[in-house]
Amino acid sequence: MRSVLRTALLIACIGATALAQQSLTVWYAGNFQDQMDLVNNELVPAFEAANPDVDVTVEFIPWGDLTAKLNTAFATGTVPDVFMHGQAATAGLVAADRLAPLDEYFAGFDVEDFGPTFEQGAVDGKHYLAPVYGSGNLLVYRTDLWEDVGLDPGSPPTTWEELLDAARKLTVRDASGQIKRTGLLIGSSGTAIQQPFSSLFWQAGGSWFSADGTEVTFDGPAAVKAIEFMQALFDPTSGVTRLGENPGASPVNPLVTGQAAMMFGSMEMVSGLRTTNPDVFELLAVAPPTRDVDQAAFYSFAGFFISQDSPHKDQAWQYISFALSPEWLEAFNSAAGSLPPRSSLADAEFLAASPALKAYSDNLQFAHGNPNVAVWVKARDITAAHLEAAVYGRETAEAAAKATQQEIEALLNP
Amino acid sequence: MTAALVSIPLLWMVMSSVKPFSDIFAWPPRLFPSSVTFEHYARVLEGTNFPRYFLNSTIVAVVVVVSNLLVALPCGYAFARLPIPGKDAAFLVVLGTMMIPSHVTTIPLFILARNFPLIGGNDIMGAGGTGLLNTYFGIALPHLVLTFTVFLARQFFLDLPAEIRDSGRIDGASEMRVFTSLSLPISLPIVATIAIFSFVTAWDDFFWPLVVTTTDRMRTAQIGLSVFRSQFSSEWGALFAASVLIVLPVVLVFLFNQRLFIRGLATGATK
Amino acid sequence: MNRGRLKLSAPARAGLLFILPALVYIVLTQLLPVIYALYVSFTDYSPLNRGAPKWVGLQNYRAMIFSREFQNALWVTLRFSAAVIVLNVVISLALALLLEGASRVLRWLQVVLFLPIVTSVAAVSVVWLLLYDRDFGLLNQVLNVFGLSNVGWLNTVAWALPSLVIMRVWRGAGWNTVIYRAALQGIPREVIEAAKVDGASALQLFRQILLPLLRPITAYIVIVGFISTLQTFAEIYILTSGGPLGSTTTVGFLIYRQAFEYGQLGLACATSFVLFIVIFALSFGSFALARKGMT
């Protein structure tokens, strides 16, 4: 009898909580298996145990398909409460009134620990992005190949000239002059050329837009200088990399095959090699960004946004603040070997274990993010198209800088 | 010789699916594994939700095959054999829709799936719930009647001897009887052709299932495959193993039906 | 009297009944979305924006037709389609004729030939990346054996598009061979026997009997070829991402970027309809050619 009563009571309790339960939908960007396992099997159960009134549904969307899936959701009013995206998407989403400002929530949160990454998701003084993981684009090189040609792997290049010199020493050509090993591998199209370029461009003191994002400031000595340097790297006779490379598509990393001695690489790439090719990983080193008038490198962060249309914004924040706690943020970043946005995690165990990975966190102080303007994706592709034309010798550096400026202006003020 | 050329990439895929990790990264690449391992298959089947994705794909493909046989087959028959006013114009319109890239019709189709009345919590006006989103029927939606299978069926029945229909008519049979008892029994080839074609189409779809599903439990095998090809994970072994598993049902379906399949295409092919 | 004219015959009524479910479905899931896309092509619609899209008339069409990007993409697409279709027709017809006289064992070959089309594009693309590698790829190793130097298959403007064509033909030829085989089986034996009795040579037989009879199926292969090649997306995305220097950026690839990367759905829809007109004109052309050949 008592047990029946107890069961009835239990059922009533479950019924009551079920009634009061809020369901929350969260979309993660990227479908890396270890991250999915962590979130599905540990993070979400822990969150639901701590917040019995919230029922979380998580979905993982491959990066390549994220925009398509999000756009469909926006068009049809099926946006999740919380979704992840890159920091450079903020301005566009804010302009379309799709994001809820998080300043109220951040007020009671230790945002200082997030430092500059926190500001990357700000538009007109309001903050929208809760950074989750990041990556930088730094020079990755094979120390063994450096030693082979008499370079000291302990002192990587600090200026553009030193970079070009080292790359030339490392470049191997066959009898006919064809490059057999690229000294410094750079892709010649798309983001593969635009990201290394942006580091150089910022180092030369350039910027795409004025601080308020209303004016295009691309064309100028900095752009010309950086483009000319890129042209030198791709020069058919004295250059250090080949035209037409597409390192992102390469089935096996060119640093592993020895086709490249150095390349600009992301932290995910280096972490990937840690898992797949531990022997090669041991030989890798990562250099601080070079300096021209400034020391700068391209870094990007992805983070959570709360949908403006979410009826459960408080619960959404509950989830975000839970997932952003130092412990979970460390676990999540350690699963993929990505850069945790908290400065208190700069010495996280998985980083301390590897100098190559640690370099990404050490050089975070030089981080520049993509310009936070609504037209960025298109502006980025315009830049890449003219960079490609310039390194193929179809356009001079001046012409490429000018054309980029004009086309982005047309985009900004149609 | 040709077969050898054609099969090299496929052979490569199969071989790579049983290569140990170190072989996959051997450079220069090599075809044959130094030793055979099934670790990639174990990874796919045990380390991920793949079996579930596989089941989902199978259910969707079966729904698509059945619906194409029930709806597209009679439609093609009618287009070919029955005197319906305006049918040629209608048929042209049907063909024309094949020429619009699916990328631009995704959003309207999604709206339709979401606002499908009386399902998934929707009222008769199609509001209030999630409609066909995240359901098998929703994943199957774009393939339930394939334009191409209607086309194939029409071509097949155009070739069918008119005597069959006429003999039925003389006996006073209804059109339905003529179709089910006289035409269908000799139409096994086109049944096989439609079944294989619609199975493959549903099985291969990636983009629509990705958009229309909202939970891991409902994902299909092709989406599951994308886990192994994110840019820096380099799980090529698992990717190849999963690909072999994905292509296996299609090969089996084709193997057992290839003669019928070809005959289905053959009749009407010269019309 | 009037009622009698409106009334349909019994077979017509049955026919409507047969057609209706499919027609309702096709109108709902295919025609309506296409009409909606046509409407969107005259607006500034972006999935991101709230509120009703603004009518912009022909602006999208103008902006697109006069852009160098589109003109380049259309040119790339047409060359890609033409090369794939011609090679497909020639190779699959040759294979079909070969298989015609072949033994049973050899006929199992067509299963092998058929496999590429049903294999996941994502997976075979990775294999092709390995085969095409400019330093160590199998293709270049073979060239080296014959004393030829390495080719930058996917890395050079000259070779990137041909490389995509080769892979595409590899994927599609088997399917078309099956269709040609089917068509050959549909040709009455007597026709061929009669020609042989008349003393026709193999070449004459092929040119004067087989080719005209195969014209309709060839037209069909050409049309379906146009429809599928003009929309090619996945393998380009994986193998070359449209490069180098835009040499493999097809219209289908452009549409994807406009629709989903830039959120310019209006422009993407306009581009799709221009592509539709091109496909339709080419298809109609092949139909007309086939008709002409038959009379």
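Chain naming here is simple, since letters A, B, ... match the order of the sequence lines and numbering starts at 1 in each. No experiment lies behind these values; they were computed from the predicted model shown.
- Put simply, the side chain of C:N60 gets close to the backbone of C:S41: a donor and an acceptor are under 3.5 Å apart.
- Side chain of A:E388 to main chain of C:L245: a donor-acceptor pair is present (N/O by atom type, distance under 3.5 Å, no hydrogens or angles).
- Among C:Y45, C:Y256, C:Y262, the residue with the largest count of heavy-atom pairs under 4.5 Å with chain A is C:Y262.
- Each of A:G92, A:G64, A:A68 has some count of heavy-atom pairs under 4.5 Å with chain C, and the biggest count is that of A:A68.
- The number of heavy atoms from other shown groups lying within 6.0 Å of CG (A:D279) is above 12.
- No part of A:R181 comes within reach of chain C, as not one of its non-hydrogen atoms sits under 4.5 angstrom from that chain.
- The backbone N or O of A:Q308 lies less than 3.5 Å from a partner atom in the side chain of A:K313, making a donor-acceptor pair.
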Step by step, would you call A:F83 with A:W27 a ring-ring contact (aromatic ring centres under 6.0 Å, His included)?
-> CA-CA 5 Å; A:F83 60 89; A:W27 285 6; 7.5 Å; no
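- Using a 4.0 Å cut-off between charged nitrogen and carboxylate oxygen, A:R242 and C:D135 count as a salt-bridge pair.
- Listed options A:N246, A:T67, A:T76, A:D97 were ranked by heavy-atom pairs under 4.5 angstrom with chain C; first place goes to A:D97.
- Only the backbone of C:T240 comes within less than 4.5 Å of a heavy atom of chain A; no side-chain atom from C-beta onward does.
- For the options C:G243, C:G246, C:P244, C:A259, heavy-atom pairs under 4.5 Å to chain A are most numerous at C:P244.
- With a 4.5 Å cut-off on non-hydrogen atoms, C:L239 touches chain A through its backbone but not through its side chain.
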